Amino acid sequence: MGNKQTIFTAQQLFDRYRDLAPQLVPLDYTNHPDVKLPYELIGSMPELKDNPFRQRIAEVFSEDGEGNMTLDDFLDMFSVLSEMAPRDLKASYAFKIYDFNNDDFICKSDLEKTLNRLTRNELTEDEVRMVCEKVIDEADLDNDGRLSLEDFQHMIVRAPDFLSTFHIRI
Amino acid sequence: VKEFVALSTRDRIRAIRDLAMSFEEKKHIRWVLTDKQLNLYCYTCNKLHSQSLRRCGYSIRSARQTLELWQGIMKEIGGKFGTSVLSYFLFLKWLLMFNIFSFLINFGFITIPLLVYDPSPNIPPNVSFRGLEILTGAGYFNYTVMYYGGYSNETLIGLVDYNMQLAYFFTIAVYMVLCGIALIFSMASSFKENYVLADTVSNSAWQLLCSWDFSITNERAVRQRKNNLRVQLKESLSERAQRELLTLSEKLKHFGVHLGSWLLSTGLAVGCGASIYYLYAANWSLLQEAETLLVPFVVSLMNLVVPLFYSLFNKFEHYSSLGRQIYALVVRNVLLKMSILAVLCYYWMNVVAEKFSCWESMVGQALYRLVIVDFLFLMLGSFFGEFLSNVIGTRLLPRLGVPEFDVARNVLELIYAQTLAWIGIYFSPLLPAIQILKFFILFYLKKVSLTQNCQPPRRTGRAAQMQTIFIALLFFPFFVGALSIVAYTAWRLTPSEQCGPFRGLNNTFSVVGVWIDDLQEIPASQWVVWIYQNVIRSEIFYFLITLIIIVIIYIFWQVTQGRKQLIGQLRQQIVNVSVLHP
């Protein structure tokens, strides 16, 4: 239906990347220059600057895990976050974003950090604990106390809005 | 890792899963944005880019972007208000495309040949253009190509022999069929993506992990969303703490209130229909043209006011979930609009078709008036619904707060407006032009009203399911209803004798019969005649097709049941395995 919007080409994304730091990024990429834009520049993009997960997004998509992105990383990021990316791909990246300690599982502490980012630390400790327990109760299928990628994907399958909410328009 | 692009979807998913497991080598999975391969390392074109060329490239790109209609505005709305409000505007844009297509083919195939052949319309001498025609559609417009009556039934001799009757019939028929196919495909794909296995929204896990809208870019909107999420989480926690079972008397009371509101709302809908019938029957006069505006005025007033009553009933009822509440409201509104449309069509088909000589143009004018007055009332509704609520909510009664954009009500209004246009295409081929203008202005109006007066919705979720419901509603009952009205007109009603492309025939469909008879004399097109006589006119063919379709549906249904069972069994196996191997 009318949900599909324009497809942006690599050239347009390259122009956006270059606009962040015109003096660092050369116009000519035929020699594979090794240029990395620091996280501060990426995080200041208007599409990302108010997103509570911008740091995690940059870390997940960057090669060095610190948030400093090459052009490849930048293109990957906006490809996965575009509306054309398939659901499984988005789910696997969302899983990585929510997995703060990078151990391939979303454990209770990851959930607590997510919750605090999403509610500006305004819930009490008890409430945070209860919400996280409820989440693990509801989503953990194999009963190991933490969410694996399969549990997460099972949840995503039942959430049809996910494709449109995990989407950044550029 | 470009090789992933070449794999099929399933292999790609498997490969991605394998990669996700092995975190040591951070490989990149590239999803290609366009069909062309991402040729990163070959920006040879960049060597030529001087400053001025780049600037030129920018302006061309931004021009292309504005051609992609309203791209920037959609992004802004999505950024500030989220996906559910954006879905209204996307729906509006999608409906606009239907109308643009309809206008182009009607104008191209029906109106232009007539204008080329006979550029001056035959207007009687004492009728001139006064300003009132824009509102009433009668008078001067009655004799132009705006309505059915302005078209001739001859075969136009020019460069090519152009049969106006066949052109009129087939253009409208082909457009309706294409619309139906487009709607069915949208509905099916939306159903498949959004409806299958959908879970309840109040699920905590969903709220925490899946509901955050990454496309919101406005700082204030982000803060508001965080507040809303916090409030929702607190609510669901407290619900859990004090979930009490309702006693029998309370259940009975709720049931009674529900029954009462349903009876009241159905009664209101039927009452509106009956009053419009009596108003029409008592007040149909050609002479005073301004009086003909009375019925559209009353119709639009009802469409504006009665849904407010429904929202009021809603406040007194107790619903177990937000979804049920919205569905009940939507069903009641649909009932109201359907009853009004049914009464209007009944009156047109039965009374107007008998009474007047050029009745199709009359019906076309009535529809034109309905469309125009509906537009005026939509503007008024925006004023009252959003602007006044904002003023009341911020200055007079701060307790109410800033209003939210009611997506359901607005989408239903769009669906109703589009139904009027669909019914009107047969009687007034250029009505889509008015509709295009209407939707265009409406878009900007709603956008301004939204940004000035409304706040982002407080309860998130269900946007995808609501979208499916709206597309399904657009198709059935509204499109199917419009199609049946047009089909009934073409099949059963006698076209008027004095005007229009089908004068002199028994009914509109006989145009095809006449054409087939003509074709029988041409030996090269015997296959068309054969198809018509043995396939379209024979009952055995339809009987067989229906039987085959029923059998196929039954087989698919059984397959679905089997798969549901399999899913349940697999889920049980996962739990069992985890219990055995903790």
Side-chain angles (χ1 to χ4, degrees), chain A residues 1-3 5-10 12 27-30 32 46-47 50-51 63 71-72 75-76 79-82 84-86 88-89 92 98 104 111 114-115 118-120 122-123 127 130-131 134-135 138-139 141-144 149 155-162 164-169, chain B residues 9 13 16 20 23 26 28-31 33-34 38 40-44 46-47 49 61 65 68 71 74-75 78 83 90-91 93-94 186 190 193-194 197-199 203-206 208-215 217-219 222 226 229-230 233-234 237 461 463-465 471 574-575 578:
Chain A
M1 194 201 108
N3 243 338
Q5 301 191 17
T6 341
I7 301 176
F8 277 77
T9 61
Q12 286 161 317
L27 267 176
D28 181 7
Y29 251 73
T30 46
H32 318 284
E47 286 85 358
D50 292 313
N51 193 317
E63 228 174 289
L71 181 59
D72 278 11
L75 287 170
D76 277 349
S79 332
V80 171
L81 288 168
S82 79
M84 297 277 129
D88 280 355
L89 189 60
S92 77
Y98 292 133
D104 289 348
L111 286 174
T114 310
L115 189 55
L118 285 178
T119 58
R120 300 160 70 201
E122 277 170 7
L123 288 181
E127 286 168 341
M130 282 206 291
V131 169
K134 201 167 172 227
V135 169
E138 285 166 0
L141 280 182
D142 49 8
N143 285 329
D144 56 357
L149 181 60
M155 197 169 60
I156 295 294
V157 158
R158 292 181 297 164
D161 291 298
F162 179 71
S164 50
T165 54
F166 195 68
H167 169 215
I168 291 188
R169 285 181 185 87
Chain B
T9 316
I13 305 298
I16 291 171
F23 236 87
K26 296 228 174 176
H28 293 285
I29 301 160
R30 182 159 308 143
W31 177 249
L33 287 175
T34 63
L38 207 58
L40 247 196
Y41 302 103
C42 187
Y43 278 113
T44 50
N46 281 321
K47 274 201 195 132
H49 268 184
R61 258 192 299 271
Q65 245 175 293
E68 180 63 42
Q71 177 69 14
M74 303 277 201
K75 181 179 165 189
T83 330
L90 289 171
F91 195 74
K93 183 174 155 187
W94 188 53
S186 295
S190 186
E193 273 179 19
N194 300 335
L197 300 178
D199 220 352
N203 189 323
S204 259
W206 178 90
L208 183 60
L209 292 175
C210 309
S211 71
W212 181 259
D213 198 342
F214 278 69
S215 58
T217 52
N218 180 316
E219 194 203 327
V222 164
K226 288 184 181 175
L229 184 63
R230 179 173 49 92
L233 285 173
K234 282 202 181 185
L237 280 180
Q465 282 184 313
I471 301 181
I574 295 178
V575 176
S578 67

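Quick note: numbers below take in every heavy atom, side chains included, and nothing from hydrogens, waters or symmetry partners. Proteins come first, then strands; the chains are lettered A, B, ... in the order of their sequence lines, and each starts at number 1. Since the structure is predicted, the reported quantities are computational estimates derived from the model, not experimental observations.
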* Verdict with reasoning, B/L209 to A/L111, per side chain to side chain contact (heavy atoms under 4.5 Å, CB included) -> CA-CA 9 Å; B/L209 292 175; A/L111 286 174; 4.1 Å; yes
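Contacts of A/F166 with chain B are made by both backbone and side-chain atoms, with heavy-atom separations under 4.5 Å.
Atom CZ in B/R230 sits 11.5 Å away from atom CG in A/L115 (nearest 0.5 Å).
Across all non-hydrogen atoms, the minimal contact from A/S164 to B/T83 is CB-CG2, 3.8 Å. What you find for B/T217 and A/D50 is that their closest heavy atoms are O-OD2, 2.7 Å.
Using a 4.5 Å cut-off on side-chain heavy atoms (C-beta onward), A/I156 and B/C210 make contact.
Ranked by non-hydrogen atom pairs under 4.5 Å with chain B, the options A/N51, A/L118, A/T114 are led by A/L118.
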